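If you're wondering where the values come from, they're calculated on a predicted model, not measured in any experiment. Hydrogens, waters and symmetry mates are skipped; everything else that's a heavy atom, side chains included, is used.
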Amino acid sequence: MSIRHGLLALLERGPRYGSQLRTEFESRTGSTWPLNVGQVYTTLSRLERDGMVTQKGEDEAGHALYVITETGRAELLSWFRTPVDRASPPRDELAIKLAMAVGAPGVDIREVIQSQRHHTIQAMQDYTRLKAQALEAVPTDRDEVAWLLVLEQLIFQTEAEARWLDHCEVRLIRLAMMPGRGGKQSETPSGNPAAGSTPGSTPGSTPGSATGFTTGSASAPASSAPASASAPSAGSTAD
């Protein structure tokens, strides 16, 4: 998240003081990414150092007002025109958690996935309810429209995460059921694989335990959310 560019965008609308910028930033984003006043003033100091903003007088209450400079306007315009870089994605805690859970002693990775899926679906339902509330009246104020765009991004993001978790669970199950993953099969005295055993596992073991991860029941996951709780499709975003 680029706080400096967000503040420059707000200053483009006119002089502002620190706590005013914080309030307007949170209003525009629905407080999705809350700021503290100290963070705002630290960023303003750096922008001032870089020649992108400057102080210009005070308001009636004695608050120091900041204004954007031509250098700041050029930086802001460049930010709007430049695509967000996806070549170096930010660290994703969930992806790191699942990567570390593979083969971790005493960790059932499918349980980790199911717990996260429940939380993700709950968040998606909450965002969907907020969207319905936002659309009860047609958004006209710029802050209302901006919040709606942020909210819909959160809906699509949680929907994608729920689908990815489904994919991870299916992937692990398929890997656990692949022949030869667990080494030599246990055999009965007659030389046949033990009854009820899965290729690559030992009798009584959980499929996948020999591969370094546990998947639990070897069945495909249920749908991540009922139809009524799913996020809107791409075609319904403009509703």
Are Phe156 and Gln153 close enough, and set up right, to give a side-chain contact (heavy atoms from CB on, under 4.5 Å), and what steps lead you there?
CA-CA 5 Å; Phe156 280 112; Gln153 191 270 346; 6.0 Å; no
Might you work through the side-chain contact (heavy atoms from CB on, under 4.5 Å) test for Glu26 and Thr23, ending with a clear yes or no?
CA-CA 5 Å; Glu26 293 183 352; Thr23 300; over 6 Å; no
Apply the test side-chain contact (heavy atoms from CB on, under 4.5 Å) to residues Lys56 and Leu65: give CA-CA distance (whole Å), side-chain angles for both, the deciding distance (0.1 Å), then the verdict.
CA-CA 6 Å; Lys56 189 175 182 180; Leu65 296 174; 5.5 Å; no
Test side-chain contact (heavy atoms from CB on, under 4.5 Å) on Gln55 and Glu48 and set out the steps.
CA-CA 8 Å; Gln55 292 189 43; Glu48 188 174 19; 3.7 Å; yes
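Residues Val67 and Tyr17 are members of separate hydrophobic clusters, defined by side-chain heavy-atom contacts under 4.5 angstrom among Ile, Leu, Val, Met, Phe, Trp and Tyr. Hydrophobic cluster membership is shared by Leu165 and Val102, with clusters built from Ile, Leu, Val, Met, Phe, Trp and Tyr side chains linked at under 4.5 angstrom. Note: the hydrophobic cluster containing Val37 also contains Leu8 (ILVMFWY, side chain heavy atoms under 4.5 Å, direct or indirect links).
A heavy-atom distance below 4.5 Å is not found between the side chains of Met124 and Gln157. In this structure, Asp50 and Glu75 have side chains that are not in contact, with every pair of non-hydrogen atoms separated by 4.5 Å or more.
The heavy-atom pair separating Ala123 from Thr158 by the smallest distance is CB-CG2, 4.3 Å. Of all heavy-atom pairs spanning Leu130 and Trp147, the tightest one is CD1-CZ2, 4.4 Å. Closest non-hydrogen pair, Leu44 versus Gly18, comes out as CD1-CA, 4.2 Å. Taking all atoms of both residues into account, the shortest heavy-atom contact from Thr32 to Leu154 is CG2-CD1, 4.0 Å. Of all non-hydrogen atoms in Leu76 and Ile68, the two that sit nearest each other are CD2-CD1, 4.5 Å.
Screening Ile113, Leu94, Ile109 for a side-chain contact (heavy atoms from CB on, under 4.5 Å) with Cys168, the sole residue that qualifies is Ile113.
Classification of Arg163 and Asp166 as a salt-bridged pair fails, no side-chain N sitting under 4.0 Å from a carboxylate O. Classification of Glu169 and Arg117 as a salt-bridged pair holds, one side-chain N sitting under 4.0 Å from a carboxylate O.
Of the possible donor and acceptor atoms, none in the side chain of Thr42 sits under 3.5 Å from a partner among the backbone N and O of Gln39. In this structure a side-chain-to-backbone donor-acceptor pair under 3.5 Å is present from Thr69 to Met52. Between the side chain of Ser115 and the backbone N or O of Glu111 there is no donor-acceptor pair closer than 3.5 Å.
Taking CG of Leu148 as the reference point, atom NZ of Lys131 lies at 7.0 Å (rounded to 0.5 Å). Annotation: the span from Arg171 atom CZ to Trp164 atom CH2 amounts to 12.5 Å, rounded to 0.5 Å. In this structure, OG in Ser27 is found 11.0 Å from CZ in Arg142, a value given to the nearest 0.5 Å. Between the CG atom of Asp59 and the CD atom of Gln20 there is a distance of 8.0 Å, given to the nearest 0.5 Å. Taking CG from Asp126 and CG from Leu151, the interatomic distance works out to 10.5 Å, rounded to the nearest 0.5 Å. Summarising the geometry, atom CG belonging to Leu11 is positioned 8.0 Å from atom CG belonging to Leu47; distances are rounded to the nearest 0.5 Å.
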Enumerate, atom names and distances included, each donor-acceptor pair closer than 3.5 Å involving a side-chain atom of residues 77-86, sequence neighbours excluded.
unit_1: Thr82; atom_1: OG1; unit_2: Ser78; atom_2: O; d: 2.7
unit_1: Asp85; atom_1: OD1; unit_2: Ala87; atom_2: N; d: 2.9

Could you give the side-chain donor-acceptor pairs of residues 133-140 under 3.5 Å, partners two or more places apart or in another chain?
none

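Under the ring pair (Phe, Tyr, Trp, His ring centres under 6.0 Å) criterion, no residue pair touches residues 37-60, with sequence neighbours excluded. Judged as a ring pair (Phe, Tyr, Trp, His ring centres under 6.0 Å), not a single pair has a partner in residues 85-144 (not counting sequence neighbours).
Taking Ile, Leu, Val, Met, Phe, Trp and Tyr as members and joining any whose side-chain heavy atoms lie under 4.5 Å apart, directly or through other members, the hydrophobic cluster of Ile96 also contains Met100.
Glu12 pairs by the side chain to side chain donor-acceptor pair (under 3.5 Å) definition with Arg73, not counting sequence neighbours.
Taking a 6.0 Å sphere around CZ of Arg129, one finds it holds more than 12 heavy atoms contributed by other residues, nucleotides or ligands.
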